[in-house]
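Data block below; observations after.
Model, not experiment: these values are computed from the prediction. By convention in this document, chain letters (A, B, ...) are assigned in the order of the sequence lines, proteins followed by strands, and residues within each chain are numbered from 1. Scope of the values below: all heavy atoms of this structure, side chains included, with no hydrogens, waters or symmetry mates.
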There are 2 protein chains.
Amino acid sequence: MKEGPDISHIASLIGDPARANMLTALMVGKALTASELAQEAGITLQTASSHLSKLEKGNLLRPRKQGRHKYFSLASDEVAHTLEALMGLAANAGHLRSRPGPRNAALREARVCYNHLAGEMGTRLYESMITRQLLRLNGEEVELTTAGAGFVRDFGIDLDALKAQRSALCRQCLDWSERRSHLAGSLGRAMLVRIEELGWAKRDTKTRIVAFSPNGKVRFDELAARG
Amino acid sequence: MKEGPDISHIASLIGDPARANMLTALMVGKALTASELAQEAGITLQTASSHLSKLEKGNLLRPRKQGRHKYFSLASDEVAHTLEALMGLAANAGHLRSRPGPRNAALREARVCYNHLAGEMGTRLYESMITRQLLRLNGEEVELTTAGAGFVRDFGIDLDALKAQRSALCRQCLDWSERRSHLAGSLGRAMLVRIEELGWAKRDTKTRIVAFSPNGKVRFDELAARG
DNA sequence: CGAATGCTTCGATTATGATCGAACCATGAA
DNA sequence: TTCATGGTTCGATCATAATCGAAGCATTCG
């Protein structure tokens with residue numbers, strides 16, 4: 001019974017159409033100003049201000065001030081995930097299995113999640129590396145195999161530097177749009193950085209989208225080939 | 001912009017405390033009558049009836065009539081997952097990574113998901129089978145290896161009968177509480193049935209809980225050993 | 001420094017929706 | 001058949017919260 005009020009509060013924050021519109025606008029990962037969000041929701045700035053304050057206090061939004069501008073972004077990926085789940089539910093009336101997640105095709109394909117690659121491409125890479133014994137599941141742990149170490153070194157990643165870091169090298173991370181895992185951890189982050197260095201893809205500075213070039217896609221396909 | 005009203009409607013359905021309490025009570029997987037749900041929410045039956053009608057129209061609940069009794073259950077696992085996500089968010093104020101999902105320890109440990117084993121034990125079994133090359137990832141597909149086929153046959157599963165079925169033998173299924181995959185598909189279902197046949201665990205007839213006996217746990221640990 | 005712009009706060013208005021008593025319908029048991 | 005119980009519907013009541021004009025504060029620009 002103590003759980004009830006908690007989810008009802010969060011849900012009621014999302015349950016207002018104006019607030020839902022603003023949250024949806026922020027899902028793409030871009031930080032928007034209060035004025036921009038007011039426009040998104042079709043309400044006055046004062047109303048938006050009041051709503052944004054509520055979302056902030058509910059830990060759904062995180063603000064950042066720049067001079068007279070106040071930018072808001074979603075407080076965490078957790079929030080984005082939850083919004084995606086609600087979207088799936090709204091879209092899913094009656095269908096037992098379908099594909100939830102962002103409707104934006106670019107976001108589905110490749111996006112940033114905790115600084116590593118998510119979306120279809122993220123899960124493809126992970127699964128390819130498992131398939132080719134480059135990564136190995138050891139219970140809950142994901143380990144890089146000897147062959148995998150060679151693979152990522154060839155790809156241009158300084159594995160020793162990564163191993164010297166405190167954070168886990170490899171981790172599974174739930175990919176919400178694909179409903180499967182993608183690679184997280186320092187290696188996951190390094191892969192994304194390397195992909196960018198190679199010019200295969202660019203992170204949109206304003207959004208979570210990772211935009212692969214046509215050539216980058218070809219290259220990535222080779223990298224993630226099933227071998 | 002067209003997406004907004006959709007999630008706000010679903011979220012507002014969950015956003016009422018009485019409705020949230022009723023939805024939460026149903027998360028355990030048990031079907032409850034309108035009267036029982038009214039009690040759960042601490043409201044009168046007439047109020048509950050009105051709320052339940054809304055949840056039903058919103059495709060969050062599924063009703064089943066038995067004589068004068070009307071039982072309600074969550075409309076799908078999708079709904080349960082979304083509620084779990086909201087719970088995670090409500091619990092997560094400020095924490096970037098934590099463990100969402102049912103608070104009920106039994107549900108976290110082992111529960112039914114689309115008729116196969118989910119929860120900690122479900123993910124452990126899956127990961128053990130991957131680790132020991134009993135299952136193999138081939139891109140998105142999960143395949144049973146030759147060694148795996150022998151393993152499940154030894155476990156007492158009629159693999160030929162399963163293969164004759166139309167549905168996929170092995171599938172990955174997102175385990176929300178563990179945030180990792182567990183085994184789904186006809187093999188996943190058969191494993192759960194077999195576990196029951198062996199008397200290791202019982203499905204609670206009223207809930208999604210899969211209750212392992214002490215001996216069953218020992219046996220399961222052996223089955224899911226990392227060897 | 002004054003004007004423009006971005007944002008917050010205040011307070012009044014109004015729409016919405018939860019709530020429950022009463023009445024009614026459906027089912028089951030004695 | 002009557003009574004008890006489960007559930008639905010109606011309508012009135014009342015609390016809540018979104019909304020926006022006005023006013024005020026903060027920052028930027030000419």
Show every donor-acceptor pair shorter than 3.5 Å between a side-chain atom in residues 62-70 of chain A and any protein atom, with sequence neighbours excluded, or say none if there are none.
residue	atom	partner	partner atom	Å
A:R62	NH1	A:A75	O	3.3

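- Looking at residues two or more places apart in sequence or on another chain, you find a side chain to side chain contact (heavy atoms under 4.5 Å, CB included) between A:A18 and A:D16, A:A41, A:I43, A:H51.
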For a quick check, with a 4.0 angstrom heavy-atom cut-off, what is the B/S/- contact string for nucleotides 18-30 of chain D, read 5' to 3'?
SSBBB----BB--
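- In summary, contact between chain A and DNA chain C, defined as any nucleotide atom under 4.0 Å from a heavy atom of the protein, begins and ends at C:dA4 to C:dT9 in the 5' to 3' direction.
- If you take CG of A:L55 and P of D:dA17, they are 14 Å apart, rounded to a whole angstrom.
- Among residues two or more places apart in sequence or in another chain, the side chain to side chain contact (heavy atoms under 4.5 Å, CB included) test is passed with A:R194 by A:F155, A:I157, A:E197, A:L198.
- A search for side chain to side chain contact (heavy atoms under 4.5 Å, CB included) contacts involving B:S35 returns B:T33, B:L45, not counting sequence neighbours.
- Salt-bridge annotation for A:R203 and A:E196: present, with a side-chain N of the basic residue lying under 4.0 Å from a carboxylate O of the acidic one.
- Overall, the helix from C:dC1-D:dG30 to C:dA30-D:dT1 carries an axis bend of 20° between its ends, with five pairs at each end and the value rounded to 10°.
- With sequence neighbours excluded, no residue satisfies ring pair (Phe, Tyr, Trp, His ring centres under 6.0 Å) with B:Y71.
- Under the rule for a salt bridge (Lys or Arg N to Asp or Glu O under 4.0 Å), the partners of A:K217 that lie at least two apart in sequence or sit in another chain are A:E109.
- Take B:S73 and apply the side-chain hydrogen bond (donor to acceptor under 3.5 Å, both in side chains) test, not counting sequence neighbours, and it matches no residue.
- Residues forming a side-chain hydrogen bond (donor to acceptor under 3.5 Å, both in side chains) with B:E56 (at least two apart in sequence, or on another chain): none.
- Residue contacts shown for A:S53 are absent, as no nucleic acid heavy atom lies under 4.0 Å away.
- When the side chain to side chain contact (heavy atoms under 4.5 Å, CB included) test is applied to B:T44, the partners found at least two apart in sequence or on another chain are B:Q46, B:T47.
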